[in-house]
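Keep in mind it's a predicted model, so treat the numbers as computed, not measured. Note that the numbering runs from 1 along the sequence shown for the chain.
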Amino acid sequence: MRAVVQHRYGGPEVLALAEVGAPTVAPGDVLIRVQAVGVSAGDAYIMRGEPRAVRLAFGMRHPKQPTIGRDVAGIVEAVGPAVTRFAVGDPVYAESDQGGYAELVAVAEEFVARRPANIDAIHAAAVPVSATTALQGWRLADVGAGRHVLVTGASGGVGGFAVQLAKAMGAEVTGVCRGTKAEHVRAIGADHVIDYLRDDYTDATGRYDAVFDLVADRSLGRIRRALTPHGTLVLSSGTGGRVFGPFGRIIRASLMNPFVSQGLRPLTARRNGDDLAELTRLIEAGEVNPVVDRTYPLERVSRALADFESGAVRGKLVLTV
């Protein structure tokens with residue numbers, strides 16, 4: 001089968017299309033013929049091996065697994081003998097841990113869900129990592145009706161889903177983004193939009209019940225000023241140093257949390273098939289709508305990662321296979 005491979009860390013130029021062996025299907029696996037695969041921040045981290053801390057998990061000198069990509073959507077090609085919920089031909093989507101930038105990927109049944117009936121494979125591929133991260137983040141903050149929440153990086157993949165999910169939960173939502181993306185953030189449901197180039201949301205003392213921080217461009221102290229006395233800060237991804245990236249800040253928040261009245265909640269999103277099933281329900285109900293900025297054929301993967309890293313993206317980028 002064709003797959004994107006990388007044998008060293010670096011920029012988009014290290015990615016290349018190659019012929020590789022098809023994955024082995026374990027008894028509990030679903031073999032998916034991939035039709036589309038989303039581009040996520042984690043793909044860029046692994047591609048570059050930066051921050052350096054990611055190499056502890058993915059290989060110190062070079063990637064242990066040569067194929068990246070986690071958000072897959074496609075058709076069931078085969079199932080292992082222990083699989084009970086899926087059959088050949090079913091349209092599905094999943095978060096893969098084997099590398100989804102490929103024509104075929106095997107995923108354990110528990111991490112696979114039926115594709116929402118009202119969207120195609122391209123839009124389904126925008127969902128798994130980003131929407132699951134947003135859903136799990138808001139659960140940490142116990143978001144619901146009557147709450148006022150803020151999302152930094154609101155125009156991106158996770159941020160866009162965070163805006164939509166908070167609205168679906170009944171919250172009042174403020175999105176933070178570059179001014180040129182303000183209309184997009186309003187269109188996906190934000191009640192208020194802050195242009196971070198003109199205004200600083202941390203000047204709004206005690207205003208927000210929860211902040212979902214996906215950018216990490218403000219200190220913990222400044223963000224805490226924007227929270228109500230018992231508000232919650234959810235930390236996920238963002239910028240940071242070359243070695244630890246956002247992880248150093250997340251560790252500091254964990255150490256600080258027992259000593260402050262506000263909740264400082266680092267988020268480590270995990271694959272969860274039940275969450276995907278919940279997202280399917282929300283998408284079919286029209287409460288969440290995946291946003292795809294651009295698509296690229298698999299052979300243009302380097303261009304897709306370069307565009308992703310440029311930051312000039314609204315929603316998600318998707319590779320078609």
For [Y], is there any backbone N or O sitting under 3.5 Å from a side-chain donor or acceptor partner on [X]?
X: Thr133; Y: Ala269; result: no
X: Arg85; Y: Glu109; result: yes
X: Trp138; Y: Leu165; result: no
X: Glu284; Y: Ala117; result: yes
X: Arg33; Y: Ile75; result: no
X: Thr152; Y: Leu214; result: yes
X: Gln262; Y: Arg224; result: yes
X: Asp293; Y: Arg314; result: yes
X: Lys181; Y: Val313; result: yes
X: Asp71; Y: Val129; result: yes

When you compare the side chain of [Y] with that of [X], does any pair of heavy atoms fall below 4.5 Å?
X: Arg61; Y: Tyr9; answer: no
X: Phe308; Y: Ser40; answer: no
X: Phe212; Y: Leu267; answer: yes
X: Val127; Y: Lys316; answer: no
X: Leu227; Y: Val211; answer: yes
X: Lys167; Y: Gln164; answer: no
X: Pro23; Y: Gln98; answer: yes
X: Leu220; Y: Leu235; answer: yes

Check this for me: does any side-chain nitrogen of one of [X] and [Y] sit under 4.0 Å from a carboxylate oxygen of the other?
X: Arg115; Y: Asp90; answer: no
X: Glu299; Y: Arg2; answer: yes
X: Asp97; Y: Arg271; answer: yes

Side-chain donor-acceptor pair under 3.5 Å between Ser236 and Asp213, yes or no?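 No, Asp213 and Ser236 have no side-chain donor paired with an acceptor closer than 3.5 Å.
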Under 3.5 Å, is there a donor-acceptor pair linking the side chains of Asp307 and Tyr296?
->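 Short answer, yes.
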Inter-residue atom distance [X].[atom1] - [Y].[atom2], 0.5 Å rounding:
X: Glu172; Y: Tyr208; atom1: CD; atom2: OH; answer: 9.0 Å
X: Ile194; Y: Leu150; atom1: CD1; atom2: CG; answer: 5.5 Å
X: Leu233; Y: Ile223; atom1: CG; atom2: CD1; answer: 5.0 Å
X: Leu319; Y: Gln35; atom1: CG; atom2: CD; answer: 14.0 Å
X: Arg249; Y: Ser254; atom1: CZ; atom2: OG; answer: 11.5 Å
X: Tyr101; Y: Ser96; atom1: OH; atom2: OG; answer: 11.5 Å

Take atom [atom1] of [X] as the centre, draw a 6.0 Å sphere, and report whether it contains more than 12 heavy atoms from other residues, nucleotides or ligands.
X: Arg178; atom1: CZ; answer: no
X: His62; atom1: NE2; answer: no
X: Arg270; atom1: CZ; answer: no

Tell me, please, which residues at least two apart from Arg222 pass side-chain contact (heavy atoms from CB on, under 4.5 Å).
->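 With neighbours one apart ignored, the set is Asp200, Thr202, Asp203, Ser219, Arg225.
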Handout entry: Those residues that, when tested against Tyr201, pass ring pair (Phe, Tyr, Trp, His ring centres under 6.0 Å) (two or more places apart)
Key =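 Ring pair (Phe, Tyr, Trp, His ring centres under 6.0 Å) list for Tyr201, sorted by chain: empty.
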If two hydrophobic side chains count as joined below 4.5 Å and joins carry through other members, does Leu197 share a cluster with Val176?
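Yes, it is one cluster - the side chains of Leu197 and Val176 are joined through contacts under 4.5 Å.
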| request: Only pairs at least two apart or in different chains count here, so list each side-chain hydrogen bond (donor to acceptor under 3.5 Å, both in side chains) that has a residue in residues 140-149. | output: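 Matches after skipping sequence neighbours: His148-Thr174.
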